Engineer: 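Following this message is one structure expressed as structure tokens.
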Amino acid sequence: MTTTPPLVVSRNPADPTETVAQVQAAGAFGAADAVERARAAQPGWLRGGAAARSTALASIAAAIESAADELAALAVREVGKPLAEARAEVARTAAIWRYYAQAPYEPAGAVHETAAGAGLLLTRRRPHGVAGLITPWNFPFAIPSWKAAPALAAGNAVVLKPAPEATACALRLAEIVQQALPERVFTVVPGGAAEGGAVVSAADAVSFTGSTEAGQTVARAAAARGIPVQAEMGGLNAAIVLPDADIAGAAAHLAAAIAGFAGQKCTATSRVIAVGAAADPLREALAEALRAIPAADPADPATVCGPLISERAREQVSGAWAGLSLLAGGTVHDGPGWCAAPTLAEKVPADHRLLREEVFGPLAALLTADDLDDAVRLTNSVPYGLVTSVHTADLDAALHGLDELDTGMIRINAPSTGVDFHLPFGGTKASSHGPREQGRAALEFYTSSRTYTLSPAKTM
């Protein structure tokens, strides 16, 4: 007996009475069927050649730019992204497609001399077939794009399983992308864990971004099948502030990285480590900066911190600050949206969950360190290692941070958020599994290397 897959429903986090999307889930069989149909379409996409792929990706970039206002407004409604950030995400999304539109013309291999005798040795990178993409809700256009664009540029077909909370954004992106591509080369399968599991069980390569628990499950399943997998997971990112830093500038960067989009970024700052004499001035400056950022309507262009994605998410954040000594925030919104004020806690016990788990909200712990070595030790003491920001005027200290920090990305005198899409993205420990994504690293992930030996035919 077959059962009808459930409905996928997404709501406006700023006004939960508004339903933004309500569609039928694809179901596990539907997701697996989408992969098989994509597999049948992929050879034609590859054989179409570099010019066709480049032209298609460039046209997608142009179409995204043309629909920029509409897409930004949709991100505001569906995931509560503040309007200024939503506009920036859409602009970045178009830039990502344009960047990878040049990739089909890049060299796909190399020619080598043989060790002895006549002939040639060649290496050549070829697409895997169908790339299965499982993406979160917090960057509903950019993350699917920085996975799909390089996969398509390399000649793969794509099946995207977006987070349920970003269903409308994914379907609208698909409408734009599909207009430039042959049928079935890019498919969206709405749904949840069942659809995601089906994609992982059928695709030829898998790229995942989301929670650590789900990412580890995906990585194990893909590894058991022997297919390439990358998983970008949690972060518990630290910002180190040294006594010689520009305290006012550092506080502004930290406040933006804590409160921006209600802290719902894997690169958000959740631990602030003040070194030595920086402790007192940073304590006051950062608390003041966070108190000046209200949780507000995401449709207002001035808003920095909008609502959390769900009521449950807000409960997790408020539960994490319960009982702590707070320097700012610690309140939830009385209005209809799922808002929580940007919050800074101090004197947090070493075994508190805020120092061990990713809370994913506008909440950070202020810690102190005796010196830079102590700060590095604190930074490295957690299970995650995605990104660290270091604030200092001392080049030696900056280089020390570059050498000693066990994180995949390090930003000097800049917020932990806002990384560049043309460079490799990823972390260490529980933050990432498998090869890096974005930049040229993505093109390597979505292809496999083959070695050819060409020897002259012998004549009788």
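Computed from a predicted model, the values in this text were never measured in an experiment.
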Engineer: Got a donor-acceptor contact below 3.5 angstrom from the Tyr100 side chain to the Gly439 backbone?
Structural biologist: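 Yes; judged by distance alone, with no hydrogens or angles, the pair exists.
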Engineer: Parallel, tilted or perpendicular for Trp146 and Phe425, by the 30°/60° rule?
Structural biologist: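 Tilted, since the angle between the ring planes falls between 30° and 60°.
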Engineer: Give a yes or no answer on whether the side chain of Glu195 reaches the backbone of Gly192 with a donor-acceptor pair at less than 3.5 Å.
Structural biologist: yes
Engineer: Looking only at atom types and distance, does a side-chain atom of Gln230 sit under 3.5 Å from a main-chain N or O of Arg436, one as donor and one as acceptor?
Structural biologist: yes
Engineer: Hey, is the main chain of Asp394 close enough, under 3.5 Å, to the side chain of Thr392 for a donor-acceptor pair?
Structural biologist: yes
Engineer: May I have the step-by-step check of side chain to side chain contact (heavy atoms under 4.5 Å, CB included) for Leu171 and Val23, ending in yes or no?
Structural biologist: CA-CA 10 Å; Leu171 292 174; Val23 300; 4.0 Å; yes
Engineer: Would you give the length of the straight line joining atom OG1 of Thr379 to atom CG of Leu367, rounded to the nearest 0.5 angstrom?
Structural biologist: 9.0 Å
Engineer: Does the pair Ser207 and Lys147 meet the rule for a side chain to side chain donor-acceptor pair (under 3.5 Å), with working shown?
Structural biologist: CA-CA 7 Å; Ser207 181; Lys147 294 178 185 292; 2.7 Å; yes
Engineer: Please tell me whether Trp97 and Ser145 have a donor and an acceptor in their side chains that are separated by less than 3.5 angstrom.
Structural biologist: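 Side chains of Trp97 and Ser145: pair found under 3.5 Å.
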Engineer: Report yes if some heavy atom in the side chain of His433 is under 4.5 Å from a heavy atom in the side chain of Val218; otherwise report no.
Structural biologist: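 The answer is no, as the side chains (C-beta and beyond) never meet within the 4.5 Å cut-off.
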Engineer: How far apart are the C-alpha atoms of Arg271 and Leu355, what are their side-chain angles, what is the distance that settles it, and do they pass the side chain to side chain contact (heavy atoms under 4.5 Å, CB included) test?
Structural biologist: CA-CA 8 Å; Arg271 295 178 298 145; Leu355 303 182; 4.2 Å; yes
Engineer: Quick one: are Leu181 and Leu152 in side-chain contact, heavy atoms under 4.5 Å?
Structural biologist: yes
Engineer: Are side-chain heavy atoms of Glu213 and Met233 found at a separation under 4.5 Å?
Structural biologist: no
Engineer: Decide yes or no on side chain to side chain contact (heavy atoms under 4.5 Å, CB included) for Val317 and Leu308, but give the supporting numbers first.
Structural biologist: CA-CA 9 Å; Val317 172; Leu308 289 148; 4.1 Å; yes
Engineer: Is the backbone of Ala101 close enough, under 3.5 Å, to the side chain of Ser54 for a donor and an acceptor to pair up by distance?
Structural biologist: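 Indeed, once roles are kept as given, a pair shorter than 3.5 Å links the two residues.
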Engineer: For the pair Thr303 (side chain) and Pro298 (backbone), establish whether a donor and an acceptor sit closer than 3.5 Å, ignoring hydrogens and angles.
Structural biologist: no
Engineer: Tell me whether the count of non-hydrogen atoms from other residues, nucleotides or ligands lying under 6.0 Å of CG in Asp69 goes above 12.
Structural biologist: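 At most 12 heavy atoms, drawn from other residues, nucleotides or ligands, come within 6.0 Å of this atom.
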Engineer: Pair Glu288, Arg291 - check salt bridge (charged side-chain N to carboxylate O under 4.0 Å, His left out), show working.
Structural biologist: CA-CA 5 Å; Glu288 181 179 355; Arg291 286 193 291 265; 5.8 Å; no
Engineer: To the nearest 0.5 angstrom, please state how far the CG atom of Asn380 sits from the OG1 atom of Thr388.
Structural biologist: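 The distance works out to 7.0 Å.
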Engineer: Can you say whether the rings of His253 and His391 are parallel (under 30°), tilted (30 to 60°) or perpendicular (over 60°)?
Structural biologist: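 Because their plane-to-plane angle lies in the 30° to 60° range, the rings of His253 and His391 count as tilted.
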Engineer: Give a yes or no on whether the backbone of Ala299 and the side-chain of Asp297 come within a donor-acceptor separation of less than 3.5 Å.
Structural biologist: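 At least one qualifying donor-acceptor pair exists.
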Engineer: Please give me the minimum heavy-atom distance between Ser10 and Glu165, naming the atom from each residue.
Structural biologist: CB-O, 3.7 Å
Engineer: Under a 4.0 Å threshold between the charged nitrogen and the carboxylate oxygen, would Glu358 count as salt-bridged to Arg353?
Structural biologist: no
Engineer: Looking at SG of Cys266 and CG of Asn237, how far apart are the two atoms once the value is rounded to the nearest 0.5 Å?
Structural biologist: 7.5 Å
Engineer: Given 3.5 Å as the limit, does a donor-acceptor pair link the side chain of Asp420 with the main chain of Leu423, or not?
Structural biologist: no
Engineer: Answer yes or no: is there a donor N or O on one side and an acceptor on the other, between the side chain of Arg53 and the main chain of Ala153, under 3.5 Å?
Structural biologist: yes
Engineer: Please walk me through it: do Arg37 and Glu183 pass salt bridge (charged side-chain N to carboxylate O under 4.0 Å, His left out)?
Structural biologist: CA-CA 9 Å; Arg37 290 172 181 269; Glu183 190 176 1; over 6 Å; no
Engineer: Return the minimal non-hydrogen interatomic distance between Trp321 and Ala341, and the atom names on each side.
Structural biologist: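 Answer, listing the atom of Trp321 first, then Ala341: CZ3-O, 4.3 Å.
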Engineer: Between Pro43 and Arg47, is there a side-chain heavy-atom distance shorter than 4.5 Å?
Structural biologist: yes
Engineer: How close do Ser389 and Pro415 get, heavy atom to heavy atom, and via which atoms?
Structural biologist: CB-C, 4.3 Å
Engineer: Please report the closest heavy-atom contact between Leu286 and Ala251, naming both atoms and the distance.
Structural biologist: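 Nearest pair, atom of Leu286 first, then Ala251: CD1-O, 3.8 Å.
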Engineer: Using a strict 4.0 Å threshold on nitrogen-to-oxygen distance, state whether Glu89 and Arg92 make a salt bridge.
Structural biologist: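 Judged by the 4.0 Å cut-off on N to carboxylate O distance, Glu89 and Arg92 do not form a salt bridge.
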Engineer: Are any non-hydrogen side-chain atoms of Glu18 and Arg77 less than 4.5 angstrom apart?
Structural biologist: yes
Engineer: Report yes or no: is the cationic atom of Lys81 (NZ for Lys, CZ for Arg) under 6.0 Å from the centre of the six-membered ring of Phe139, at an angle within 45° of the ring normal?
Structural biologist: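 Because its charged atom sits under 6.0 Å from the ring centre and within 45° of the axis, Lys81 does stack over Phe139.
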Engineer: Less than 4.0 Å between a side-chain N and a carboxylate O, is that true for Arg39 and Asp204?
Structural biologist: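 Salt bridge present between Asp204 and Arg39.
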Engineer: Taking the side chain as C-beta and beyond, is there a heavy-atom pair between Ile64 and Ile176 under 4.5 Å?
Structural biologist: yes
Engineer: Keeping Asn156 on the side-chain end and His128 on the backbone end, is there a donor-acceptor pair under 3.5 Å?
Structural biologist: yes
Engineer: Please tell me whether Tyr384 and Thr212 have a donor and an acceptor in their side chains that are separated by less than 3.5 angstrom.
Structural biologist: yes
Engineer: Between atom OG of Ser270 and atom CD1 of Ile258, what is the distance when rounded to the nearest 0.5 Å?
Structural biologist: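 These two atoms lie 8.5 Å from each other.
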Engineer: Roughly how far apart are Thr167 OG1 and Leu7 CG, rounded to 0.5 Å?
Structural biologist: 11.0 Å
Engineer: Can a salt bridge be assigned to the pair Arg11 and Glu78 using a cut-off of 4.0 Å between side-chain N and carboxylate O?
Structural biologist: no
Engineer: Provide the closest heavy-atom pair for Thr269 versus Val272 in the form atom of the first, atom of the second, distance.
Structural biologist: CG2-CG2, 4.0 Å
Engineer: Where is the tightest heavy-atom contact between Leu254 and Ala239, given as atom of each residue plus distance?
Structural biologist: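 Closest pair (atom of Leu254, atom of Ala239, distance): CD2-CB, 3.1 Å.
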Engineer: In Å, rounded to the nearest 0.5 Å, how long is the span from CG of Leu363 to CG of Leu326?
Structural biologist: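 Result: 8.0 Å between the selected atoms.
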Engineer: For a 4.5 angstrom cut-off between non-hydrogen side-chain atoms, does Ile240 reach Leu405?
Structural biologist: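 Sidechains of Leu405 and Ile240: in contact.
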Engineer: Between Glu444 and Arg125, does any side-chain N to carboxylate O distance fall below 4.0 Å?
Structural biologist: no
Engineer: Under a 4.5 Å cut-off applied to non-hydrogen side-chain atoms, are Arg411 and Val387 in contact?
Structural biologist: yes
Engineer: Hey, mind stepping through Glu437 and Glu232 against side chain to side chain contact (heavy atoms under 4.5 Å, CB included) and telling me if it holds?
Structural biologist: CA-CA 9 Å; Glu437 61 179 349; Glu232 293 300 330; 3.1 Å; yes
